[in-house]
Amino acid sequence: MCEKQYPEEFSARVYKIGRDDRGSRLTFLKITGGSLKVRDKVEYSAHGSDGAQGLLTEKIDQIRKYSGEKFDTADTAEAGEVVAVTGLSSTFPGQGLGGEMQSNMPILEPVLNYRMILPDDVNPAAFMEKLKQLEEEDPQLYIVWVEEFKEIHVQLMGQVQMEVLVRLIKDRFGVVVTFGQGSIVYKETIAKTVEGVGHFEPLRHYAEVHLLLSPAERGSGITVTSTCSEDVLDKNWQRLIATHVEEKEHRGVLTGSALTDVKVTILTGRAHVKHTEGGDFRQATYRAIRQGLKSTESVLLEPYYSFILQVPMEYVGRAMTDLEQRSAKAEGPEFSTNGTREMATITGKAPVATMQDYVSLVHAYTKGLGHLTLELWGYDECHNPAEVIEKMHYDSEEDFRNPTGSVFCAHGSGYVVPWDEVPQHMHLPYVYDGDDSDEALEANARTQSSFTAEDAEALAGNRRRASWEKEVSRMSSVELDAQLADVYAREFGMSKNDVADQERRKWSSKKKNEYEGLSGKPRTVKHDKHGNPIYPKKAPDEEYLIVDGYNIIFAWDDLRELSRINIDSARDKLKDILSDYQGYRGCRLILVFDAYKVRGNEGKHETFHNIEVVYTRQDETADAFIEKTVFGVRDKYKVTVATSDGLEQQTVMSLGALRMSARELREHIEMTRRAGLDSL
């Protein structure tokens, strides 16, 4: 047998982190190339860092060769040897050193979060420092200190890892801990590209940052690049911005969960010759990310299992129904014979949240003959985002550690501008114009190299003026007078304490909400005979549109073709189309899908952006649900039912509703969409 050949360049792989009796930190590694000597300097990425920003250079103090619990010290370790070294403070298991740096092993992310319950006599803050030792020894263990509640939370892979951790803490520290009920670790990403703007300008500080946030592939995390010319913003400031993007876990705006799968591109920025400090760009960068998230469509992600479910033939129906109710995405069953029993194998992926108790249930209903294998697949869109968002009660505007607005300066003092008003105050124009190619972004940013503060103020004034002129065309004389008064107060410095001015501002805010509604598009405002605006208490509910989902899918050619490939995709596309349509029309829209043939189905109501989606329960048809709904709301609201079922049209008309065919609905959607685009 020939001897294994190792490369001459030093390389090593870390496989364990430990401590000796004196508490010295030990990095156990295998030398996979070259040699390592005492006093050699090793460069590597610190634990929890990303890229070159977290590189450390540390010296090897001691090399130990262990035999059981005893060891001998050595001056050199050659390729092929397994040794422990001291002097490396931030290594982690699976990490590559030297020539192995670029081939680090992937680490599974924990998907369950538990609150650690400590004995009354243990100080949580002090105990947290001890737990950090365990975290660096096990890369799949995440210890989190929750400052708001002074609690320790642990993110784990599952029950087995929890039991191991409880025993390890007892053996290592002599403390018996328990855990609260586990919760899913959610994440957030974005669905559309957006330019986020952050400005930080309290007195004697200045920084403005423009970042392009783009959706990235699942599992890619946060990546940073730049298309900003050094003529626009010095390289050292750009590196600082990149550092601030990478240095922390940014929170989404739906649930406050970690942001992931986003490509961040530095578009442009501005510093002041005398007043800008490093911390200014940190604040501007954080605020640019949050402002961008508030300005685009966010998506809630949850962890998924890939599964293999094997059950006897007689239980296939039960298994398929269970998987559908648990929001699983399953392939059709494959059949085989195991001895004298015919078995079915179903594969797919399903949310971790719905599958945690299913292993024991499979064993129960198959009388021990079924088998379920689960393996962590990764993160994908949450199956019940509205329910999760409501349960978590996260208010992005109240998260003062992660502000969404920016800080500007006027008359010698700083003031906070809400995220949606930042575009009216920012000092640099937008770079992103819909073309996110590097060439277009670089060209747009380069034109800003001579953009002065006076230009910025003129730009902000022009934006305010253009927005106001567009609004004027839709105003009555009463509305116009109120808006003019507000403009005078804002532009020419009328007293902020004047009660009338404050009332005008309140009216202006109410007016803005009335026009923008759910979609940001103009909405018709009714007026009385004197020209005064009438504001209904429930403007979105003044009209109901109820849509028979499957009837529309099979009546529209494109959705019918798509349904032959994947019915879920056809449903999702219809939901997207109707969501956009609701934004233009402003009615209350209910989309009904017929699920009466699904055994054990209890029905489901969910919110998809701005529309309601209903899946009827077992033995209830879509027609029955629609008729019941029409009967319940017909006395208070105008109701229209969209279906091409002639019998159903006659029925809802007899109940007092208007009818709309599938063809008419499609035509009206296209007409409304064109009208909306023309108004932009």
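Keep in mind that what you see is a predicted model, and the values were worked out from it rather than measured.
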Can you check whether Val431 reaches Leu212 side chain to side chain, under 4.5 Å on heavy atoms?
no
First locate atom CG of Leu578, then atom CD1 of Ile669, and finally report the distance between them rounded to the nearest 0.5 Å.
5.5 Å
Are the side chains of Ile143 and Met128 in contact, using a 4.5 Å heavy-atom criterion?
yes
Side chain to side chain, Trp237 and Thr276, heavy atoms closer than 4.5 Å
yes
With distance as the sole test, does Asp435 use its side chain to make a donor-acceptor pair with the main-chain N or O of Ser437 at under 3.5 Å?
yes
Quick check against the 3.5 Å criterion: does Asp580 have a side-chain atom that pairs as donor or acceptor with the backbone of Ile577?
no
Restricting to side-chain hydrogen bond (donor to acceptor under 3.5 Å, both in side chains), what partner residues turn up for Lys132, sequence neighbours left out?
Glu135
Among Arg290, Gln291, Gln283, side-chain contact (heavy atoms from CB on, under 4.5 Å) partner for Arg287:
Gln283
salt_bridge(Lys573, Asp576) N-O dist < 4.0 Å:
no
Strictly by modelled atom types, are His210 and Glu208 linked by a side-chain donor-acceptor pair under 3.5 Å?
yes
To the nearest 0.5 angstrom, please state how far the CD atom of Gln424 sits from the CZ atom of Phe408.
10.0 Å
Would you say His668 and Tyr581 make side-chain contact, with heavy atoms under 4.5 Å?
yes
For the backbone of Phe92 and the side chain of Gln95, can you confirm whether one donor and one acceptor N or O come within less than 3.5 Å of each other?
yes
Would you say Glu195's side chain and Tyr432's backbone share a donor-acceptor pair under 3.5 angstrom?
yes
Short question: side chain of Ser406, backbone of His199 - any donor-acceptor pair under 3.5 Å?
yes
Non-hydrogen side-chain atoms of Leu574 and Leu559 separated by less than 4.5 Å
yes
Run the side-chain contact (heavy atoms from CB on, under 4.5 Å) check on Lys575 and His609 step by step: do they pass?
CA-CA 9 Å; Lys575 289 191 287 186; His609 301 315; over 6 Å; no
Whether Asn113 side chain and Ile184 backbone form a donor-acceptor pair below 3.5 Å:
no
Backbone N or O of Glu387 within a donor-acceptor pair of the Asn384 side chain at under 3.5 Å?
no
What's the verdict on side-chain contact (heavy atoms from CB on, under 4.5 Å) for Val299 and Asp261, showing C-alpha distance, side-chain angles and the deciding distance?
CA-CA 11 Å; Val299 179; Asp261 301 343; over 6 Å; no
Is it true that Glu188 and Arg251 have a side-chain N and a carboxylate O under 4.0 angstrom from each other?
no
Spacing of Thr260 atom OG1 and Ile190 atom CD1 [to the nearest 0.5 Å]:
11.5 Å
As a quick check of understanding, evaluate side-chain contact (heavy atoms from CB on, under 4.5 Å) for Val209 and Val197, giving each step before the final call.
CA-CA 6 Å; Val209 174; Val197 181; over 6 Å; no
Taking the side chain as every heavy atom from C-beta outward, state whether Glu397 and Thr404 have any pair of such atoms under 4.5 Å apart.
yes
So, do Thr223 and Thr225 sit near enough that their side-chain heavy atoms are less than 4.5 Å apart?
no
Residues two or more places apart in sequence or in another chain: which of them pass side-chain hydrogen bond (donor to acceptor under 3.5 Å, both in side chains) with Ser226?
Gln238
Taking the six-membered ring for Trp, are the ring centroids of Phe281 and His244 within less than 6.0 Å of each other?
no
Any chance you could measure Thr255, atom OG1, to Asp395, atom CG, to the nearest 0.5 Å?
12.5 Å
Using modelled atom types only, decide if a donor and an acceptor are shared between the side chain of Ser298 and the backbone of Leu254 within a distance under 3.5 Å.
no
So, are Lys349 and Asp380 salt-bridged, with charged N and O less than 4.0 Å apart?
yes
side-chain contact (heavy atoms from CB on, under 4.5 Å) between Ile266 and Leu211: does it pass, once the steps are laid out?
CA-CA 5 Å; Ile266 302 171; Leu211 301 175; 4.0 Å; yes
Do side-chain atoms of Tyr44 reach the backbone of Ser90 as a donor and acceptor pair under 3.5 angstrom?
yes
Any donor-acceptor pair under 3.5 Å linking the side chain of His250 with the backbone of Tyr286?
no
Answer whether the closest heavy-atom distance between the side chains of Ile152 and Trp145 falls below 4.5 Å.
yes
